[in-house]
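Have a look at the structure below before the remarks.
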Amino acid sequence: MTGATRGIGLAVARRLAAEGAQVAICGRNETLLEQVKAEHGFLGLAVDVAEREAVQAMIRWLMDEWGHIDIVVNNAGITRDGLLMRMSEDDWQQVLNVNLTGAFHVSQAVIRPMMKQRSGRIINISSVVGFAGSAGQTNYAAAKAGLIGFTKALAKETASRGILINAIAPGYIDTDMTAALTEQQTEWIKSQIPLGDTGKPDDVAGAVVFLASDDSRYITGQTIHVNGGLLI
């Protein structure tokens, strides 16, 4: 589970653990990672998913610990918002490196052991922004849209080995990212959502649990939208 020290990632890790899964997490904030590990008993390493060798070392460590990896949730994500005309190369590249290339690094590292065991689930956390766009977020939108194409292509590569690759596209969820919005912005967003409210991290976690369960055995290459009807 990447990006699991807070928000959606932490909610997913908790729900999977409640369902009986052994959970390992990673994140870039070592202090926060250690707090979450101590509180919940998860395994975990401080890893930047944008760094390929660090990700490979993490997967080797987990394979040594467990002997198999059944479920991967690619949730790590950052924002560096700004209008394209003023966006720096670094702000563009950092978002793609973490949000898209990070999922590539993790998936590539686990796909060989999953192929050998002829089973596995990879669940990529995309965003409504990857489908609808958002002014000031060309980098984030590009990365999250890229995850959808990545999901579909990898699903076709791995289906014959019993590996299911799916995505979830959350809408506006109450997290640290959305907490930065003003009250006026939040109220405007709610007015655009047919269900009339923003979502909770557990709403996304429930969708992850479904895709990780046997109930989704005949679903691959798909995206579940968790957005209160924002994108219909």
Side-chain angles (χ1 to χ4, degrees), residues 1-10 12-13 16-17 21-37 40-78 80 90 92-126 139-140 142-144 146-168 208 211-212 220-221:
M1 176 82 222
T2 70
T5 54
R6 57 186 179 178
I8 290 173
L10 181 54
V12 170
L16 289 172
Q22 290 180 295
V23 175
I25 63 173
C26 74
R28 297 192 299 178
N29 186 322
E30 189 167 0
T31 300
L32 190 54
L33 181 78
E34 291 302 321
Q35 290 174 357
V36 173
K37 286 168 57 180
H40 298 284
F42 301 149
L43 291 180
L45 287 176
V47 171
D48 184 346
V49 295
E51 298 178 3
R52 185 170 184 264
E53 291 184 1
V55 169
Q56 291 176 333
M58 174 180 68
I59 298 304
R60 287 195 298 269
W61 173 69
L62 283 175
M63 288 298 295
D64 288 341
E65 290 288 321
W66 290 342
H68 61 94
I69 297 174
D70 300 312
I71 303 161
V72 169
V73 182
N74 285 311
N75 176 68
I78 61 171
R80 296 288 185 273
D90 187 58
W92 170 268
Q93 202 61 57
Q94 278 193 46
V95 170
L96 265 69
N97 284 347
V98 174
N99 298 19
L100 182 56
T101 305
F104 159 71
H105 287 158
V106 175
S107 299
Q108 188 179 57
V110 301
I111 210 68
R112 191 177 298 277
M114 283 185 174
M115 287 279 195
K116 288 181 179 179
Q117 67 194 31
R118 303 187 71 87
S119 67
R121 309 288 173 93
I122 296 177
I123 302 163
N124 298 315
I125 307 300
S126 180
N139 47 5
Y140 188 76
K144 292 301 188 178
L147 269 179
I148 300 305
F150 176 84
T151 296
K152 291 176 179 290
L154 188 56
K156 291 185 175 182
E157 290 184 13
T158 61
S160 65
R161 296 297 183 97
I163 302 166
L164 308 181
I165 318 292
N166 289 292
I168 295 171
V208 171
L211 288 176
T220 195

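Index from 1, following the sequence. Here the structure is a predicted model, which means the values were calculated and not measured.
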Check your understanding: What pairs with Arg121 under salt bridge (Lys or Arg N to Asp or Glu O under 4.0 Å), at least two apart in sequence or on another chain?
Key -> none
Check your understanding: By salt bridge (Lys or Arg N to Asp or Glu O under 4.0 Å), which residues pair with Asp70, not counting sequence neighbours?
Key -> none
Revision key, fill the gap. Here the gap from Asn166 atom CG to Asn124 atom CG, rounded to the nearest 0.5 Å, amounts to 9.0 Å
Study note, to complete from the structure: Residues passing the salt bridge (Lys or Arg N to Asp or Glu O under 4.0 Å) test with Glu157, sequence neighbours excluded, are none
**Study point:** Val23 versus Ala13, closest heavy-atom pair with distance
**Key:** CG2-O, 3.7 Å
Point to revise | For Ser126, all residues meeting side-chain hydrogen bond (donor to acceptor under 3.5 Å, both in side chains), sequence neighbours excluded | key: none
Exercise for review: Find out whether Ser119 and Ile163 are in side-chain contact, i.e. whether some heavy atom of one side chain is under 4.5 Å from a heavy atom of the other.
Suggested key: no
Point to revise | Test side chain to side chain contact (heavy atoms under 4.5 Å, CB included) applied to Ile125 and Leu147, Asn75, Thr2, the passing residue | key: Asn75
**Study point:** Contacts of type side-chain hydrogen bond (donor to acceptor under 3.5 Å, both in side chains), residue Glu34, not counting sequence neighbours
**Key:** Lys37
Point to revise | Of all pairs that satisfy ring-ring contact (aromatic ring centres under 6.0 Å, His included), the ones with a partner from residues 41-68, not counting sequence neighbours | key: His40-Phe42
Review point. Under the side-chain hydrogen bond (donor to acceptor under 3.5 Å, both in side chains) test, which residues partner Asp90, sequence neighbours left out?
Key: Gln94
Review point. Does the side chain of Cys26 reach to within under 4.5 Å of the side chain of Met1, using non-hydrogen atoms?
Key: no
Review point. Which pair of non-hydrogen atoms, one from Leu62 and one from Ala24, has the smallest distance, and what is that distance?
Key: CD2-CB, 3.5 Å
Revision key, fill the gap. Result for side chain to side chain contact (heavy atoms under 4.5 Å, CB included) between Val12 and one of Ile123, Ile25, Val73 points to Val73
**Study point:** Shortest non-hydrogen separation from Ala143 to Leu100 and the atoms involved
**Key:** O-CD1, 3.9 Å
Point to revise | Partners passing salt bridge (Lys or Arg N to Asp or Glu O under 4.0 Å) against Arg6 (at least two apart in sequence or in another chain) | key: Asp176
Review point. Which heavy atom in Thr220 sits nearest to a heavy atom in Leu164, and how many Å separate them?
Key: OG1-CA, 3.5 Å
Point to revise | All side chain to side chain contact (heavy atoms under 4.5 Å, CB included) counterparts of Thr31, not counting sequence neighbours | key: Asn29, Gln35
Revision key, fill the gap. Note: Gly27 and Leu33 closest approach over all heavy atoms is N-CD1, 4.0 Å
Check your understanding: Which pair of non-hydrogen atoms, one from Val72 and one from Met114, has the smallest distance, and what is that distance?
Key -> CG2-CE, 4.0 Å
Exercise for review: Please name all residues satisfying side-chain hydrogen bond (donor to acceptor under 3.5 Å, both in side chains) with Glu30, sequence neighbours left out, ordered by chain then number.
Suggested key: none
Revision key, fill the gap. So side chain to side chain donor-acceptor pair (under 3.5 Å) across residues 98-112, not counting sequence neighbours, yields Arg52-Gln108, Asn74-Ser107
Review point. Between atom CG of Leu32 and atom CG of Leu10, what is the distance when rounded to the nearest 0.5 Å?
Key: 8.5 Å
Study note, to complete from the structure: Taken in chain and number order and not counting sequence neighbours, the residues that satisfy side chain to side chain contact (heavy atoms under 4.5 Å, CB included) with Asp48 are Arg28, Ala50, Glu51, Val98
Practice item. Would you give the length of the straight line joining atom CG of Asn97 to atom CD1 of Ile78, rounded to the nearest 0.5 angstrom? Key: 8.0 Å
